[in-house]
Amino acid sequence: MVTSSEKSQHQNRDIAMKALKSRLYQQELDRRNAAINEAHENKGDAGWGNQIRSYVLQPYQMVKDLRTSYETSDTKGVLDGDLDGFMAATLAMNVAGKSRSEAQGD
C-alpha cells in the first residue's frame, strides 16, 4: 500500500506509479516462472522405457524412430549424423496435428 508521504501531489503520483510498475513487474515474473515450472514438471523422466530410436546393426541394418515410426536402412549415414529423414517425419507429424502417442498407436 502506498501512502502520501510527500507534500507535492506530483511526487506522490510518481511514487505511486513506481510502486505500481514494481508490482506489475513482479506479477509478470511470477507468471513466467510458474509457466516454466509447469513445463518442467510435465517433462517425463529420461530413463529406461523412454527410448527414441532403435538401432539394429546385426544381422540386418535398420534404424527406427519409435516416436514417428520412420525407419531407414542407412545406419552408417544416421550414425554419421544424417538425421534429415527423422526430422522431416517429426515435422510432418507435427503438421498433421498428431501427438507422439497417437503416432505410436498407428
Side-chain angles (χ1 to χ4, degrees):
M1 180 172 191
V2 178
T3 61
S4 58
S5 58
E6 302 295 326
K7 292 185 179 184
S8 166
Q9 180 181 2
H10 296 293
Q11 288 175 335
N12 284 334
R13 184 175 183 270
D14 289 341
I15 292 170
M17 288 302 289
K18 286 179 184 177
L20 179 61
K21 285 180 184 178
S22 174
R23 287 182 189 161
L24 290 173
Y25 181 74
Q26 188 61 46
Q27 281 182 342
E28 180 65 16
L29 283 179
D30 291 344
R31 185 187 65 77
R32 288 182 183 187
N33 286 336
I36 289 170
N37 287 338
E38 181 181 346
H40 182 70
E41 289 172 1
N42 290 338
K43 280 198 261 183
D45 292 333
W48 293 104
N50 292 323
Q51 184 175 348
I52 295 173
R53 277 186 218 101
S54 172
Y55 297 85
V56 179
L57 303 176
Q58 291 292 332
Y60 57 93
Q61 295 186 345
M62 180 189 70
V63 180
K64 181 176 182 179
D65 187 330
L66 301 174
R67 299 170 295 179
T68 62
S69 298
Y70 174 81
E71 53 186 73
T72 181
S73 60
D74 181 20
T75 57
K76 182 170 179 6
V78 172
L79 292 173
D80 286 339
D82 181 19
L83 302 174
D84 292 340
F86 295 104
M87 290 186 282
T90 301
L91 290 173
M93 182 182 70
N94 290 344
V95 167
K98 290 186 176 182
S99 69
R100 290 181 177 162
S101 60
E102 289 173 342
Q104 289 174 353
D106 290 347

query = Is there a donor-acceptor pair under 3.5 Å between the side chain of T90 and the backbone N or O of F86?
reply = yes
key: Atom pair CD1/NE2 of I15 and H10 - distance to nearest 0.5 Å   = 13.0 Å
key: Minimum heavy-atom distance between R67 and M93, given as atom pair plus value   = O-SD, 4.0 Å
inquiry  = Quick check: do V78 and L83 have side-chain heavy atoms less than 4.5 Å from each other?
reply    = yes
Single-linkage hydrophobic cluster, 4.5 Å side-chain cutoff, V63 and L79 together = yes
key: R13 atom CZ, over 12 foreign heavy atoms within 6.0 Å   = no
ask   = How long is the span from the CD atom in Q51 to the CG atom in D65, to the nearest 0.5 Å?
value = 10.0 Å
key: S54 side, atom OG; M62 side, atom CE - distance, nearest 0.5 Å   = 5.5 Å
message = Checking N37 against E41: is there a side-chain donor and acceptor pair closer than 3.5 Å?
response = no
ask   = Nearest heavy-atom pair of Y70 and A89: which atoms, and what distance?
value = CB-CB, 3.7 Å
inquiry  = According to side-chain hydrogen bond (donor to acceptor under 3.5 Å, both in side chains), does anything in residues 78-87 pair up with another residue at least two apart or in another chain? List the pairs.
reply    = K76-D80
